[in-house]
Amino acid sequence: MTSARRRSYGVKGAPYAFLLPATVLFALFFALPIGYAVWLSLHKVKVSGLGLGAGARSEVWAGLENYTDSLTDPELLAGALRVLGYGCIVVPVMLGLALLFALMLDSEKVRLAPFTRLAIFLPYAIPGVVAALLWGFLYLPSVSPFYYVLNALGLPQPDLLDGGPLYGALSNIAIWGGTGFNMIVIYTSLRAIPAEVHEAAKLDGATPLQTALRIKIPMVAPSLVLTFFFSIIATLQVFNEPTTLKPLTNSVSTTWSPLMKVYRDAFGTGDIYRAAAEAVIIALATLVLSFGFLRAANRRNRQDARQGGAR
């Protein structure tokens with residue numbers, strides 16, 4: 001083989017050599033675990049006799065039995081409804097605050113912008129378990145300084161860890177921790193808007209509010225779609241907050257969210273096959289919702305592009 005041919009093969013194979021480490025890591029830590037979970041979900045344990053002795057418990061093919069049992073499990077369905085209510089609070093409030101903060105930081109009259117930006121983003125850098133513990137003790141009447149102040153002022157002291165207020169308490173932790181990240185994403189898109197656009201808006205006599213509503217927000221719509229997409233995924237996978245607050249209240253059960261149900265079945269009752277089926281169902285639900293949302297957003301963008309071209 002000539003040296004020119006060797007160099008040609010080396011150039012053609014270079015992209016695959018660069019992709020090889022990422023491909024191996026993807027296969028080992030993503031594809032294989034997913035495949036193993038699917039394999040587990042299609043099996044179950046068969047107990048012979050009293051279940052004692054060698055060979056009394058064997059792994060057998062279950063087909064879709066674990067999936068049908070999971071889909072008809074009232075605890076899993078109740079957890080999904082709780083997460084739906086939780087998401088209806090978290091997603092709009094968090095993205096609304098992120099957009100508001102980003103627009104305020106993008107204003108020409110803002111002061112101490114670097115410090116303010118860091119202060120808003122800082123809660124995101126705190127681990128979720130630490131944040132949940134911090135807010136959990138602030139919610140706990142016996143140790144919370146807020147309850148002490150309310151008691152001193154003779155004001156009512158609501159129990160935020162019981163009943164309906166629990167949704168607000170859990171949502172507050174997620175909003176406090178996630179607003180900063182979404183704000184940075186939206187703010188970065190705002191800073192990428194050409195200066196000529198702002199100058200044209202000023203020449204047309206647009207007020208800052210009109211500029212924000214009619215120019216800035218439409219131009220950062222892709223970032224809003226991205227942050228909404230991330231927020232939906234994070235909401236469906238909520239686990240840290242209710243799990244951390246569970247020891248502080250009896251209102252949070254071991255199956256409060258679908259992922260908590262998976263954890264309970266896998267490590268509490270030891271039914272890893274049922275837990276694997278539930279995990280696959282949650283993953284598929286997340287995939288379907290995410291794909292559906294992205295497809296709807298892309299369809300809307302194409303319609304807007306065609307209307308803009310028609311004008």
Side-chain angles (χ1 to χ4, degrees), residues 1-43 59 66-67 94-95 98 117-118 121-132 174 177-189 191-192 220-241 243-244 257-260 262-263 265-267 272-298 301:
M1 182 180 294
T2 63
S3 59
R5 184 174 297 179
R6 291 195 190 96
R7 286 195 297 269
S8 176
Y9 283 139
V11 171
K12 293 180 179 179
Y16 300 100
F18 285 115
L19 288 173
L20 181 61
T23 303
V24 172
L25 292 175
F26 176 83
L28 289 177
F29 299 103
F30 192 80
L32 285 179
I34 291 177
Y36 184 56
V38 173
W39 185 85
L40 284 175
S41 68
L42 298 174
H43 292 76
E59 190 177 78
N66 290 321
Y67 289 95
M94 181 169 60
L95 295 186
R117 188 165 60 247
L118 177 62
F121 179 77
L122 188 60
Y124 178 74
I126 299 176
V129 175
V130 176
T179 298
F181 170 80
N182 294 304
M183 181 270 297
I184 290 295
V185 174
I186 299 172
Y187 177 73
T188 303
S189 296
R191 300 303 295 174
V220 299
S223 295
L224 294 175
V225 171
L226 180 65
T227 53
F228 185 83
F229 176 70
F230 287 156
S231 300
I232 289 294
I233 294 177
T235 299
L236 293 175
Q237 297 178 353
V238 60
F239 179 81
N240 287 335
E241 293 85 354
T243 302
T244 306
S257 72
L259 279 186
M260 292 178 68
V262 173
Y263 183 87
D265 290 344
F267 303 104
I272 60 174
Y273 306 96
R274 177 78 170 270
E278 293 167 348
V280 172
I281 291 173
I282 295 172
L284 289 176
T286 304
L287 179 64
V288 170
L289 289 176
S290 302
F291 179 77
F293 171 74
L294 289 178
R295 187 173 182 180
N298 291 333
N301 291 336

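In this chain, residues are counted from 1 in sequence order. If you're wondering where the values come from, they're calculated on a predicted model, not measured in any experiment.
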Enquirer: Taking all heavy atoms of Y67 and all of S41, pick out the closest pair and write down the distance.
Expert: OH-OG, 2.5 Å
Enquirer: Roughly how far apart are F230 CZ and M94 CE, rounded to 0.5 Å?
Expert: 11.5 Å
Enquirer: Mark yes or no for whether S257, through its side chain, and V238, through its backbone, hold a donor-acceptor pair below 3.5 Å.
Expert: yes
Enquirer: Work out which heavy atom in I126 is nearest to a heavy atom in A131; give both atom names and the distance.
Expert: CG2-N, 4.0 Å
Enquirer: For atom OH of Y124, is the number of surrounding heavy atoms from other residues, nucleotides or ligands below 6.0 Å larger than 12?
Expert: no
Enquirer: I need the F29 CZ to I34 CD1 distance, nearest 0.5 Å.
Expert: 14.0 Å
Enquirer: For I233 and T286, which heavy atoms make the closest approach, and how far apart are they?
Expert: CG1-CG2, 4.1 Å
Enquirer: Working note: F239 + V262, criterion side-chain contact (heavy atoms from CB on, under 4.5 Å); need CA distance, chi angles, decisive distance, verdict.
Expert: CA-CA 10 Å; F239 179 81; V262 173; over 6 Å; no
Enquirer: Do the non-hydrogen side-chain atoms of L32 and Y36 ever get within less than 4.5 Å of each other?
Expert: no
Enquirer: Using a 3.5 Å distance criterion without hydrogens, assess whether the side chain of N182 forms a donor-acceptor pair with backbone atoms of L95.
Expert: no
Enquirer: Kindly give the heavy-atom pair with the smallest separation between A276 and A37, and that separation in Å.
Expert: CB-O, 3.4 Å
Enquirer: Just verifying a value: how many Å separate I184 CD1 and S189 OG, rounded to the nearest 0.5 Å?
Expert: 11.0 Å
Enquirer: So which atom in F229 and which in S290 form the shortest heavy-atom distance, rounded to 0.1 Å?
Expert: CE1-CB, 3.0 Å
Enquirer: Indicate the atoms forming the closest heavy-atom contact of P33 with A27, along with that distance.
Expert: CD-O, 4.3 Å
Enquirer: Report the distance from atom CZ of F267 to atom CD1 of I272, rounding to the nearest 0.5 Å.
Expert: 9.0 Å
Enquirer: Quick one: pull up CG in N66 and CD1 in I281 and give me the separation to the nearest 0.5 Å.
Expert: 9.0 Å
Enquirer: Assess whether atom OH of Y263 is packed by more than 12 heavy atoms of other residues, nucleotides or ligands within 6.0 Å.
Expert: no
Enquirer: Within the 4.5 Å heavy-atom criterion, are T227 and M183 side-chain neighbours or not?
Expert: no
Enquirer: Would you mind reporting whether I186 and L224 have side-chain heavy atoms less than 4.5 Å apart?
Expert: yes
